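Scope of the values below: all heavy atoms of this structure, side chains included, with no hydrogens, waters or symmetry mates. Below, read A as the first sequence line, B as the second, and so on, with proteins coming before strands; counting in each chain starts at 1. It should be emphasised that the depicted structure is a prediction, and the values quoted were computed from it without experimental measurement.
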Number of protein chains: 2
Amino acid sequence: MSKIRVLLVDDHQLLRDGLAAMLSNIEHITVVGSAGSGEEAVNMAQEKVPDVILMDIMMGGMTGIEATRWIKEQNANIKVIIISQEVNQGLIGEGIKSGIEGYLPKDVDKTTLVNAINKVNAGEKFFSESITKIIFDSYYQQETGEQKSKAKNKDLTKREMEVLKEVATGKTNQEVADTLFISIKTVETHKSHILDKLGLKNTAELVKYAIKNEIIEL
Amino acid sequence: MSKIRVLLVDDHQLLRDGLAAMLSNIEHITVVGSAGSGEEAVNMAQEKVPDVILMDIMMGGMTGIEATRWIKEQNANIKVIIISQEVNQGLIGEGIKSGIEGYLPKDVDKTTLVNAINKVNAGEKFFSESITKIIFDSYYQQETGEQKSKAKNKDLTKREMEVLKEVATGKTNQEVADTLFISIKTVETHKSHILDKLGLKNTAELVKYAIKNEIIEL
DNA sequence: TTACATGTAAGGGTTTACCCCTAGCCTACT
DNA sequence: AGTAGGCTAGGGGTAAACCCTTACATGTAA
């Protein structure tokens, strides 16, 4: 029985080294390499041909999702487990579309991690409980015909993007109205549509979204 | 020669386990425990009496800085190395005031980490190059005397920091009140003081401030 | 002991945000 | 001509946020 060949991808070397050291204690797993970026990961996947890749989703440059797409194009047999610091609905959807086999939050324990590697290597999928719930919820939403959420979700109109930008920089509705030369009522309408489309709850989440998606700068 | 007793503090169990596994290969270092929060860290520091603590600065609940203050009050002999995702001027300043012995970015390599533990245990300070530069810059700024605004501005109390953290994550005043088991009126008072002290105008700016200063994560 | 800082909380009022609905106008595409 | 999507904006209501002031208990530093 040959060992499971694992490739680690994370832009934090500390976490990579740690994972490597941790997995070195597991007999049936061998770490064949570690990459510090998505680009490096794509190259190493081709070179080392691992069975399973543990991939961070948030990296400087190419994201884990993008890297996964490239890798899967080259070799669809390589299994990818995404590791993310926060459970994110949008990213999970993206990841699943890219064909990932597993998705784990960064606070998983060692046994769960090893378990996930085993399962995925055996051809199964592995998603933690919280992730599974999100997937089912999302699936349920699609089935109940809330296609708006999917189709319209990330497609903000030009004007909505402008409003989002202004609001996220800290302006009140009235100030946004003055800036864009429209009524406060229009701003409210746009804002309501934005929160609706993005599935956000309030201004605080909106600001975080704007920063995360580089709509505004810090 | 006795081993260096190390305590790990980070709210990501994966990183904790990884660090533990990594350091287990180093002969003269032994990991005596790991804590998932600042509160836990304070207790474990008292219980296990480590030589060196590797402490994440960003955690749910108490920050690494706050935990350090508590620990140092109990036992000033315990050395603390702060590990931070991003290099941040304000936090370094806070950390130094709290008496930390080292400050490392999360992307340090293994040898640097071990080196830092050795140095700090031997009574020296250890700061990476980039950190050193910031310290010198900051020192220079202090000498040039533009510090009044900063001194008053950035001194939020412990409780205010907690409120800030909760608000910035997107909670309403009522939700913050429920979380911290205080009245919504108290939350409003704190929030008003926070906005006043930081010279901010509203929640949006507050969120940006919180992200900029690594009080919350994206 | 006085004085200051901190954390707590309330009253009472003003402002802003959010929600739901309607609806006219324009443009582009079929 | 008809339809759809996007931008505009109002009415009317509820909820939440914000402002200012006061107050009391607890520490701690002057």
Problem set entry | Short side-chain to backbone donor-acceptor contact, Lys125(B) and Gly102(B), under 3.5 Å | no
For this session: Check for a donor-acceptor pair, side chain of Thr179(B) on one end and backbone N or O of Glu175(B) on the other, with a separation under 3.5 Å.
Result: yes
Exercise. OP1, OP2 of dC7(D) versus side-chain N and O of His190(A): anything below 4.0 Å?
Worked result: no
Exercise. Any side-chain N or O of Thr189(B) less than 4.0 Å from the OP1 or OP2 oxygen of dG7(C)?
Worked result: no
Under 4.0 angstrom, heavy atoms only, what part of the nucleic acid is [X] near: base, sugar-phosphate, or nothing?
{"X": "Thr203(B)", "result": "sugar-phosphate"}
{"X": "Glu160(B)", "result": "nothing"}
{"X": "Thr186(B)", "result": "base"}
{"X": "Thr172(B)", "result": "sugar-phosphate"}

To the nearest Å, give me how far apart [atom1] ([X]) and [atom2] ([N]) are.
{"X": "Phe181(B)", "N": "dA9(C)", "atom1": "CZ", "atom2": "C1'", "answer": "18 Å"}
{"X": "Ile194(B)", "N": "dC18(D)", "atom1": "CD1", "atom2": "C1'", "answer": "14 Å"}
{"X": "Gln174(A)", "N": "dT15(C)", "atom1": "CD", "atom2": "P", "answer": "13 Å"}
{"X": "Asn202(B)", "N": "dT15(C)", "atom1": "CG", "atom2": "C1'", "answer": "13 Å"}
{"X": "Leu206(A)", "N": "dC18(C)", "atom1": "CG", "atom2": "C1'", "answer": "13 Å"}
{"X": "Met161(A)", "N": "dC7(D)", "atom1": "CE", "atom2": "P", "answer": "12 Å"}
{"X": "His193(A)", "N": "dT8(D)", "atom1": "NE2", "atom2": "C1'", "answer": "11 Å"}
{"X": "Ile184(A)", "N": "dC18(C)", "atom1": "CD1", "atom2": "C1'", "answer": "11 Å"}

Exercise. Does a distance-only test, which skips hydrogens and angles, find a donor-acceptor pair under 3.5 Å between the side chain of Lys185(A) and the base of dG12(D)?
Worked result: yes
Exercise. Is Leu54(A) close to Val9(A) at the side-chain level, that is, under 4.5 Å between some pair of heavy atoms?
Worked result: no
Given [options], the nucleotide with the shortest approach to the side chain of [X]:
{"X": "Lys191(A)", "options": "dG7(C), dG10(D), dC18(C)", "value": "dC18(C)"}
{"X": "Asn173(B)", "options": "dC18(D), dT8(C), dG6(D)", "value": "dC18(D)"}
{"X": "Ile182(B)", "options": "dA17(D), dT8(D), dA9(C)", "value": "dA9(C)"}
{"X": "Lys158(A)", "options": "dT6(C), dA9(D), dC7(D)", "value": "dC7(D)"}

Exercise. How do Glu188(B) and Leu180(B) order along DNA chain C: which one's closest nucleotide is nearer the 5' end?
Worked result: Leu180(B)
Exercise. Among side-chain atoms of Gln174(B) and Asp178(B), is any donor-acceptor pair under 3.5 angstrom?
Worked result: yes
Problem set entry | Donor-acceptor side-chain pairing of His28(B) and Asn118(B) below 3.5 angstrom | yes
